[in-house]
Amino acid sequence: MTEAVIAAAQPSRAQDDKRSLRVRVQRRALHGVLLLDKPLGLSSNDALQKAKWLLRAEKAGHTGTLDPLATGLLPLCFGAATKFSQLSLDADKRYLATLALGVRTTTGDAEGDVLERHDAGHITPEQIAAACAAFAGEIDQMPPMYSALKHEGKALYEYARAGIEIERKSRRVTIHAIDIVSMQAGTVTLDVRCTKGTYIRTLAEDIGAKLGVGASLAALRRTGSGSLTLEGSITLAALEAMPEAQRAALLTSPDRLLAEAPELRLPAQEAARFLSGLRRRVDAPDAGRVRVYGPEPRAFLGSAHITSGELIADRLLTPPEVQALLSA
């Protein structure tokens with residue numbers, strides 16, 4: 001075997017260095033929610049992986065995809081908080097959507113090629129308000145081809161880029177409110193409150209069609225998910241810039257994801273039984289979801305529902321997770 005072949009068969013020094021760096025990263029069990037202000041151009045998963053690496057966390061997940069062309073609130077769940085991430089995923093959303101009036105594109109947003117341009121200089125705030133009002137309440141939306149919705153294991157945008165149109169079924173969503181925030185030459189920014197799964201690009205196109213000049217989404221920023229807002233959020237740049245020892249302190253307790261549910265506190269003996277999965281009798285009205293705590297002020301145990309005076313566990317923390325939160 002020649003020296004060249006031996007060298008080719010052996011990993012380079014750079015590869016060795018990278019592997020040793022990966023080995024040296026000591027992951028740790030962290031539990032809580034980080035409110036991330038996602039930057040433009042980064043996918044939700046890329047943002048999650050970056051934050052997970054910066055925190056050296058063992059387990060993490062996000063609470064619903066935010067498009068790379070969108071910025072704003074992306075709640076990240078670590079450790080025990082991942083058990084409740086579906087709650088944020090299912091929660092109502094709030095966006096600041098900037099529409100380019102008179103511009104239709106292939107993708108419905110600024111990334112696509114322009115299909116049509118129309119003069120929108122005559123459009124008044126009153127006309128925009130009337131057009132927005134037409135979409136308030138329950139509406140049916142057709143998922144756009146340029147979306148991450150899957151068909152036979154592939155995202156629709158993959159078919160769209162190949163010039164293939166896939167038949168889609170409309171979905172019902174609810175637009176709670178649309179308010180005009182600002183209006184400048186050629187653009188209008190709207191405050192949209194809606195249910196999960198609403199395609200804001202599609203809404204922008206529909207509003208443009210209602211106005212008779214067309215429209216596309218110029219910018220999108222998520223400002224709310226359920227009870228969570230951008231208040232207290234942090235950017236990846238700020239997270240990276242701060243000392244590593246301070247990063248974990250940014251996590252808030254997993255029960256923040258259940259802030260809208262009523263609280264139920266159990267005495268020590270009942271808390272231990274509940275934590276083992278046993279149903280408990282409680283003097284409380286029926287509820288579809290409650291936050292359950294032990295006797296200590298911060299001893300969050302999990303979520304449950306109450307039926308006919310019986311407390312039934314839905315998602316439980318483990319005793320080590322409860323202890324970790326109490327020690328944080």
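One-based numbering along the sequence shown. Here the structure is a predicted model, which means the values were calculated and not measured.
- Hydrophobic side-chain contacts under 4.5 Å tie Val103 into a cluster, directly or through other members, with Val114.
- Contacts of Glu138 classified as side-chain contact (heavy atoms from CB on, under 4.5 Å), with partners at least two apart in sequence or in another chain: Arg172, Thr174.
- Side-chain atoms of Leu220 and Leu69, non-hydrogen and from C-beta on, never get closer than 4.5 Å to each other.
- Not counting sequence neighbours, Ser216 has no partner by the side-chain hydrogen bond (donor to acceptor under 3.5 Å, both in side chains) test.
- The side-chain heavy atoms of Ile306 and Pro285, taken from C-beta on, include no pair separated by under 4.5 Å.
- By the side-chain hydrogen bond (donor to acceptor under 3.5 Å, both in side chains) test, Thr106 is found to be paired with no residue, residues two or more places apart in sequence or in another chain being considered.
- The line from CG of Leu203 to CG of Leu217 is 9.0 Å long, rounded to the nearest 0.5 Å.
- Take Lys59 and apply the side-chain contact (heavy atoms from CB on, under 4.5 Å) test, not counting sequence neighbours, and it matches Thr82.
- If you take CD1 on Ile178 and CZ on Phe135, they are separated by 8.0 Å, rounding to the nearest 0.5 Å.
- In this structure the side chain of Thr223 never reaches within 4.5 angstrom of the side chain of Leu73, judged on heavy atoms.
- With sequence neighbours excluded, the residues that form a side-chain contact (heavy atoms from CB on, under 4.5 Å) with Pro39 are Leu42, Leu236.
- Grouping Ile, Leu, Val, Met, Phe, Trp and Tyr residues whose side-chain heavy atoms lie under 4.5 Å apart, directly or via other members, places Val181 in a hydrophobic cluster with Leu96.
- Not a single ring pair (Phe, Tyr, Trp, His ring centres under 6.0 Å) links His305 to another residue, sequence neighbours left out.
- Between the CZ atom in Phe300 and the CZ atom in Arg256 there is a gap of 14.0 Å [rounded to 0.5 Å].
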Salt bridge (Lys or Arg N to Asp or Glu O under 4.0 Å) between Arg193 and Asp191, intermediate numbers included: CA-CA 7 Å; Arg193 281 146 283 172; Asp191 178 10; 3.7 Å; yes
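- Connectivity analysis of hydrophobic side chains (ILVMFWY, heavy atoms under 4.5 Å, direct or indirect) links Ile312 to nothing; its cluster partners are none.
- Between Ile164 atom CD1 and Glu158 atom CD the span is 10.5 Å, to the nearest 0.5 Å.
- By the side-chain hydrogen bond (donor to acceptor under 3.5 Å, both in side chains) test, Thr198 is found to be paired with no residue, residues two or more places apart in sequence or in another chain being considered.
- The neighbour count for Arg117 CZ, taken as heavy atoms of other residues, nucleotides or ligands under 6.0 Å away, does not exceed 12.
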Residue pair Glu260, Arg289: steps toward the salt bridge (Lys or Arg N to Asp or Glu O under 4.0 Å) verdict: CA-CA 9 Å; Glu260 296 176 339; Arg289 182 178 294 119; over 6 Å; no
Trace of the side-chain hydrogen bond (donor to acceptor under 3.5 Å, both in side chains) decision for Thr187 with Thr98: CA-CA 7 Å; Thr187 65; Thr98 300; over 6 Å; no
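- Here the straight-line distance linking atom CG of Leu87 with atom CZ of Arg315 works out to 8.5 Å at 0.5 Å rounding.
- By the side-chain contact (heavy atoms from CB on, under 4.5 Å) test, Leu326 pairs with Glu296, Arg298, Ala299, Val322, Gln323, sequence neighbours left out.
- Legend: residues meeting side-chain hydrogen bond (donor to acceptor under 3.5 Å, both in side chains) with Thr71, ordered by chain and number and at least two apart, are Arg221.
- Leu76 contributes atom CG, which lies 10.0 Å from atom CD of Gln49 (distance to the nearest 0.5 angstrom).
- Between the side chains of Ser43 and Asn45, no donor-acceptor pair of N or O atoms lies under 3.5 Å.
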